[in-house]
Amino acid sequence: MKEYQTITEISGPLVYAEVDEAIGYDEIVEIETAQGETLRGQVLESSEGVVAIQVFEGTSGIDQNASVRFLGETMKMPVTEDLLGRVLDGSGRPIDDGPEIVPEERQDIVGAAINPYSREYPEEFIETGVSAIDGMNTLVRGQKLPIFSSSGQPHSELAMQIARQASVPEEEEGDDEESSEFAVIFGAMGITQEEANEFMQDFERTGALERSVVFMNLADDPAVERTVTPRMVLTTAEYLAFEKDYHVLVILTDMTNYCEALREIGAAREEVPGRRGYPGYMYTDLAQLYERAGRIQGREGSVTQIPILTMPGDDDTHPIPDLTGYITEGQIYVDPDLNSQGLQPPINVLPSLSRLMDDGIGEGLTREDHADVKDQMFAAYAEGEDLRDLVNIVGREALSELDNKYLDFADAFESEFVDQGFDQNRDIEETLEIGWDLLSMLPKDALNRIDEEFIEEYYREDDSEREVVEAAD
Amino acid sequence: MSKAESTETTPSEDGVIQSVSGPVVSARDLDARMNDVVYVGDEGLMGEVIEIEGDITTIQVYEETSGVAPGEPVENTGEPLSVDLGPGMLDAIYDGVQRPLDVLEGKMGSPYLDRGVDAPGIDLEKEWEFEPTVEVGDEVGRGDVVGVVEETVTIDHKVMVPPDALDEGETTEVTAVESGSFDVTETVAELANGTTVSMHQEWPVREARPSANKKTPRTPLVSGQRILDGLFPIAKGGTAAIPGPFGSGKTVTQHQLAKYADADIIVYVGCGERGNEMTEVIEDFPELEDPANGNPLMARTSLIANTSNMPVAARESCIYTGITIAEYYRDMGYDVALMADSTSRWAEAMREISSRLEEMPGEEGYPAYLAARLAQFYERAGYFENVNGTEGSVSAIGAVSPPGGDFSEPVTQNTLRIVKTFWALDADLAERRHFPSINWNESYSLYKDQLDPWFEDEVADDWAEKRQWAVDVLDEETELQEIVQLVGKDALPDDQQLTLEVARYLREAYLQQNAFHPVDTYCPPEKTYLMLTTIETFNDEAFRALEAGVPVEEIVDTDSAPRINRIGVQEDYEEYVEELKAEITEELRSLY
């Protein structure tokens with residue numbers, strides 16, 4: 001391994017150095033400053049004679065006398081089952097004063113694409129215990145379903161609730177030789193210490209830490225490191241899922257910070273920018289993260305992703321949510337208006353979507369009437385929402401009886417179905433029963449999306465049959 | 001790319017890598033022409049020459065370039081990027097440069113896509129039963145069929161004289177022809193001018209296959225989707241764009257077309273989209289039945305899957321790979337439908353490569369040649385008279401994913417300048433789960449007039465009139481809705497309230513269609529027509545009742561009319577519609 005003291009230019013997070021050997025693209029670099037500090041970086045561009053290096057920890061302290069070492073390999077993540085229960089920094093080094101990690105394997109963090117032919121289509125329902133998700137936008141194993149939120153919203157509480165409650169209704173006891181275990185991998189990118197503490201406390205309080213791996217890149221950690229953190233997270237997730245049979249739930253927060261870091265590097269390299277200054281390859285880059293969710297034929301485990309992103313200005317046409325929405329299999333919207341009304345969780349189901357829902361619900365999976373109930377509730381809630389604007393102008397009296405029922409439905413939908421509290425865990429049966437309670441507020445004729453058979457079975461004919469399911473817990 | 005004949009190519013001088021930046025590699029001293037395929041680095045990653053400047057050649061690499069270093073060799077194949085054409089393309093799934101993904105899985109022994117592994121697009125060793133259709137002494141010209149192979153249960157693969165073997169109008173004598181089992185590389189016929197014909201051909205993807213003539217398309221591509229067939233039909237050989245923001249149902253619409261369109265062959269290109277979606281197709285299509293003949297759908301389908309996380313350069317080429325395969329089946333006289341999901345990802349791949357080449361960007365960073373490339377692609381669709389005298393078509397249906405759902409962006413706009421059918425997906429409709437969420441006010445089809453005669457012959461004489469009636473009602477509803485937003489529905493006069501009711505049936509029963517319902521998912525044109533006439537019956541009878549003095553509330557409150565919403569899910573729809581029409585008439589007439 002050769003050492004160079006040939007740095008020619010330092011600019012933002014980038015360092016250019018002259019070399020007299022062939023250096024591979026993406027190779028890992030160590031830079032030792034005059035003060036004896038060692039920084040790590042990665043080759044961004046390799047030409048004959050000169051390489052561009054992106055330094056994860058930032059370039060402060062580097063001068064032209066710093067020495068550069070090329071490690072001759074691309075970035076690797078040491079993986080082992082013992083990572084469960086550990087807290088690591090954004091580059092995968094332990095920061096919890098625990099014992100040294102003895103890796104079973106060291107895996108390349110730039111994961112190769114899963115061959116679409118080898119994938120298995122996700123269709124196993126994950127019960128999150130949140131009605132707005134289970135009932136309306138069901139999550140399945142192997143899906144990538146982001147939370148679209150904005151600053152100041154309780155998206156972390158929602159993510160924690162999901163992480164805490166998520167379970168897969170087991171088919172029959174003893175059906176499998178041994179059912180796969182559940183693990184949570186949490187990747188923090190540029191969040192504040194305070195937010196991080198909340199997550200950690202929640203993990204510790206509920207004992208979830210034992211089955212979790214936590215990667216922490218905080219707001220004051222180097223921004224460029226954020227480009228590696230999710231790759232470390234996902235490499236660990238893939239290892240646990242596809243080699244150790246875990247069902248892994250990956251929570252990445254906050255993707256907006258990750259994209260900011262990409263933009264910073266792009267700007268330092270003087271690349272031609274795309275929309276709003278983000279690099280033109282951001283779609284590809286994000287896809288390389290999000291597509292690492294899924295299931296593989298013949299493997300027990302699965303990787304399910306819940307990335308969280310805060311939409312700048314609560315605008316979902318901003319490039320970050322926009323590109324994310326085109327890659328992920330749906331999205332869950334956290335709505336500031338519903339939040340200010342005090343709904344917990346403040347999920348707006350109308351723009352939310354789960355693309356894999358239709359194959360994950362129904363007879364044998366959830367319940368035979370699930371799809372119809374969901375469709376009808378969407379339609380009725382949308383109708384009620386529309387009418388709210390009108391009511392502001394003409395008043396309730398000017399509306400027909402049916403329209404008034406839709407308005408009541410919309411109100412009840414929010415207060416009874418969506419607003420369940422961050423601590424309540426509802427099973428799917430309970431969620432659907434509440435759904436029928438609400439739908440029975442409407443006349444039978446109006447339920448045109450529901451099979452007549454199900455109306456026969458579940459519709460509450462008169463009010464006495466309607467007993468709003470009391471909040472459990 | 002094709003390994004089959006790579007040994008015959010003239011050995012070119014090897015070059016040396018000079019620099020690497022993501023998928024773009026530049027090499028020194030490489031003797032290459034534009035668009036030559038090269039193998040890059042010690043691992044032999046496949047790439048294509050995209051720029052030559054002095055002795056520096058720039059290459060886009062179809063695989064991940066991590067670890068590739070300057071100084072490694074670059075080998076030129078001396079051939080442009082080509083696809084292997086022959087039996088075996090149906091029921092296959094390829095990446096963007098026609099490497100079969102199932103074969104790659106076997107070769108790599110892992111569910112992940114490794115680098116530097118190549119495989120021919122068709123199985124070179126599999127034997128097919130070749131049945132000649134010419135005899136020794138027959139005169140044949142370019143593109144003429146010399147024999148037939150049963151490729152799948154649905155499709156007979158026609159073995160043709162390569163179009164570049166003879167000049168236009170030239171014919172030559174068949175000197176030998178075989179019969180029996182052969183693999184695709186073996187000679188099955190010999191011609192007097194020295195050409196040997198095998199079942200395997202190659203064709204450069206960026207070049208359109210020759211045709212004799214392009215004609216005006218006059219047959220619809222029947223999709224079994226009411227809003228498409230009924231209001232905005234596309235022709236066999238036509239072009240269509242489906243733009244829409246995420247979550248509006250582009251992919252479901254494309255899947256529905258791939259499942260139910262009455263084309264002979266489907267080429268489905270998943271360009272930069274989700275892995276799980278392709279898996280869904282791979283899992284579903286072999287089990288689904290072709291509505292035309294009951295055979296598995298895969299028997300008429302060729303899939304190209306270059307998901308969003310697969311290398312970006314291969315995403316750029318996958319559209320061309322797809323359309324070349326489509327043209328080849330067109331040459332056999334088949335009607336081919338190509339779905340590209342999504343052309344925006346293709347355009348973005350161009351943009352990404354272009355920006356790495358530091359080209360001067362055009363609008364929103366897209367290269368200045370974006371419009372030209374889109375036009376070239378859609379121009380390869382059409383209803384053709386082939387060089388061998390048969391007729392075939394390629395219909396091209398491209399999904400567009402405009403950022404933020406804004407249709408004024410360059411890819412949507414440049415696409416709309418070319419295509420003749422526009423199915424505008426609408427986020428508002430999708431939010432209220434109105435699917436397919438195609439906006440009936442914004443969408444259009446310029447094929448309507450030339451397709452009406454077909455519908456009038458095949459379905460009903462008054463097809464066009466009925467459609468116009470539905471369009472008028474929907475237009476009127478849009479205007480009335482604006483007033484309703486201000487004053488409420490009850491403030492409208494009775495006749496307008498009734499129009500709203502009729503329009504509601506059109507929207508809820510006719511325009512909506514449940515892709516996940518086993519019956520409703522496919523709606524033959526006859527059913528589409530009958531459903532419309534049922535709504536019209538309600539319309540006519542209701543207005544008659546209104547004139548006779550029946551209050552609008554009573555008309556709206558009938559028991560029979562809501563059953564219009566259930567026509568979609570009826571298997572025996574003819575009987576159901578018959579009864580329903582009678583009931584509606586009876587009930588409404590009993591009111592006065």
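FYI, side chains are in, hydrogens and waters are out, and symmetry mates aren't considered; it's all heavy atoms of this structure. Each chain gets a letter, A, B and so on, in the order its sequence line appears, and its residues count up from 1.
In this structure, a donor-acceptor pair under 3.5 Å is present between the side chains of D341(B) and T251(B). Neither side chain, S354(A) nor N137(A), offers a donor N or O lying under 3.5 Å from an acceptor on the other. Remark: the N348(A) side chain and the D335(A) side chain contain an N/O donor-acceptor pair separated by less than 3.5 Å. Side-chain contact annotation: N306(B) with Y94(B), donor-acceptor N/O pair under 3.5 Å absent.
Salt bridge absent: E238(A) and R299(A) never bring a charged side-chain N and a carboxylate O closer than 4.0 Å. The existence of a salt bridge linking R231(A) and D285(A) is confirmed by a sub-4.0 Å separation between a basic side-chain nitrogen and an acidic carboxylate oxygen. A salt bridge does not link E359(B) to R351(B): none of the charged side-chain nitrogens sits closer than 4.0 Å to a carboxylate oxygen. Using a cutoff of 4.0 Å between basic side-chain nitrogens and carboxylate oxygens, E385(A) and R432(B) are not scored as salt-bridged. Look at E124(A) and R295(A) and you find a salt bridge, because one of the NZ, NE, NH1 or NH2 atoms lies within 4.0 Å of a carboxylate O, short of that distance.
Comparing Y283(A), Y381(A), F242(A) by how many heavy-atom pairs each has under 4.5 Å with chain B, the most go to Y283(A). Of the listed residues (G270(B), A491(B), S355(B), P245(B)), the greatest number of heavy-atom pairs within a distance under 4.5 Å of chain A belongs to P245(B). Chosen from I327(A), D389(A), T317(A), the residue pairing most often with chain B at heavy-atom distances under 4.5 Å is I327(A). Ranked by heavy-atom pairs shorter than 4.5 Å toward chain B, the options A112(A), P116(A), A22(A), P273(A) are led by P116(A). Your options are K489(B), R433(B), E352(B), E431(B), and the one with the most heavy-atom pairs under 4.5 Å with chain A is R433(B). Counting heavy-atom pairs closer than 4.5 Å to chain A, the top residue among P111(B), S308(B), S19(B) is P111(B). With chain A as the partner, the residue from E358(B), M108(B), Q512(B) showing the most heavy-atom pairs under 4.5 Å is Q512(B). Of the listed residues (G142(A), A287(A), G294(A), A382(A)), the greatest number of heavy-atom pairs within a distance under 4.5 Å of chain B belongs to A287(A). Heavy-atom pairs under 4.5 Å with chain B peak, among D375(A), T74(A), D322(A), D26(A), at D322(A). The greatest number of non-hydrogen atom pairs below 4.5 Å with chain A, out of T65(B), V16(B), I93(B), V312(B), is found for T65(B). When each of Q485(B), R315(B), E553(B) is checked for heavy-atom pairs under 4.5 Å with chain A, R315(B) comes out on top. Highest contact tally toward chain B, considering only A379(A), G280(A), S118(A), P122(A), is held by S118(A) [criterion: heavy-atom pairs under 4.5 Å].
The cationic group of R345(B) lies under 6.0 Å from the six-membered ring centre of Y326(A) and within 45° of the ring axis, placing it in a cation-pi geometry.
Neither the backbone nor the side chain of K374(A) comes within contact range of chain B; no heavy atom of the residue lies under 4.5 Å from a heavy atom of that chain. Neither the backbone nor the side chain of D403(A) has a heavy atom closer than 4.5 Å to any heavy atom of chain B. Using a 4.5 Å cut-off between heavy atoms, P403(B) touches chain A through backbone and side chain atoms alike. Heavy atoms closer than 4.5 Å to chain B are found nowhere in E27(A), neither backbone nor side chain. L303(B) does not touch chain A: none of its heavy atoms, backbone or side chain, sits under 4.5 Å away. For V349(A), the part sitting under 4.5 Å from any heavy atom of chain B is the backbone (N, CA, C, O) and nothing else. Using a 4.5 Å cut-off between heavy atoms, V487(B) contacts chain A through its backbone alone, with no side-chain atom that close. Of the two parts of L387(A), neither the backbone nor the side chain holds a non-hydrogen atom closer than 4.5 Å to a non-hydrogen atom of chain B. No part of P100(B) comes within reach of chain A, as not one of its non-hydrogen atoms sits under 4.5 angstrom from that chain. Contacts of I23(A) with chain B are made by backbone atoms alone, with heavy-atom separations under 4.5 Å and no side-chain atom involved. Interface remark: T284(A) contributes backbone and side-chain atoms alike to the contact with chain B (heavy atom separation under 4.5 Å). Contacts between D358(A) and chain B at a heavy-atom distance below 4.5 Å involve the side chain alone, from C-beta outward. With a 4.5 Å cut-off on non-hydrogen atoms, Y290(A) does not touch chain B at all. Residue R119(A) touches chain B through both its backbone and its side chain, counting heavy-atom pairs closer than 4.5 Å. Residue P279(A): no heavy atom, backbone or side chain, is found under 4.5 Å from chain B. When heavy atoms are compared at a cutoff of 4.5 Å, L353(A) approaches chain B by way of both its backbone and its side chain. When heavy atoms are compared at a cutoff of 4.5 Å, S401(B) approaches chain A by way of both its backbone and its side chain.
For the pair D42(B) and P73(B), the tightest heavy-atom approach, listed with the atom from each and the gap, is OD1-CD, 3.2 Å. The minimum heavy-atom distance between Q497(B) and L492(B), with the atom names listed, is NE2-O, 3.0 Å. Scanning all heavy atoms of the two residues, the minimum distance from V303(A) to R292(A) falls at CG1-O, 3.7 Å.
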TODO: Under the side chain to side chain contact (heavy atoms under 4.5 Å, CB included) rule, what do Q305(A) and L145(A) come out as? Steps first, then yes or no, please.
DONE: CA-CA 6 Å; Q305(A) 277 188 33; L145(A) 189 66; over 6 Å; no

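Within the 3.5 Å criterion, the main-chain N or O of E64(B) finds a donor-acceptor partner in the side chain of R115(B). Although no hydrogens or angles enter the test, the distance criterion places a donor-acceptor pair under 3.5 Å between the side chain of N404(A) and the main chain of S400(A). Checked by atom type and distance alone, the side chain of Q570(B) pairs as donor or acceptor with a backbone atom of R566(B) at under 3.5 Å. In this structure, the side chain of Q143(A) engages the main chain of E329(A) through a donor-acceptor pair within 3.5 Å.
Residues of residues 274-282 of chain B that come within less than 4.5 angstrom of chain A, heavy atom to heavy atom, are R274(B), G275(B), N276(B), E277(B), M278(B), T279(B), E280(B), I282(B) in numerical order.
Around CD of Q481(B), the count of heavy atoms belonging to other residues, nucleotides or ligands within 6.0 Å exceeds 12. Taking a 6.0 Å sphere around CD of E283(B), one finds it holds more than 12 heavy atoms contributed by other residues, nucleotides or ligands.
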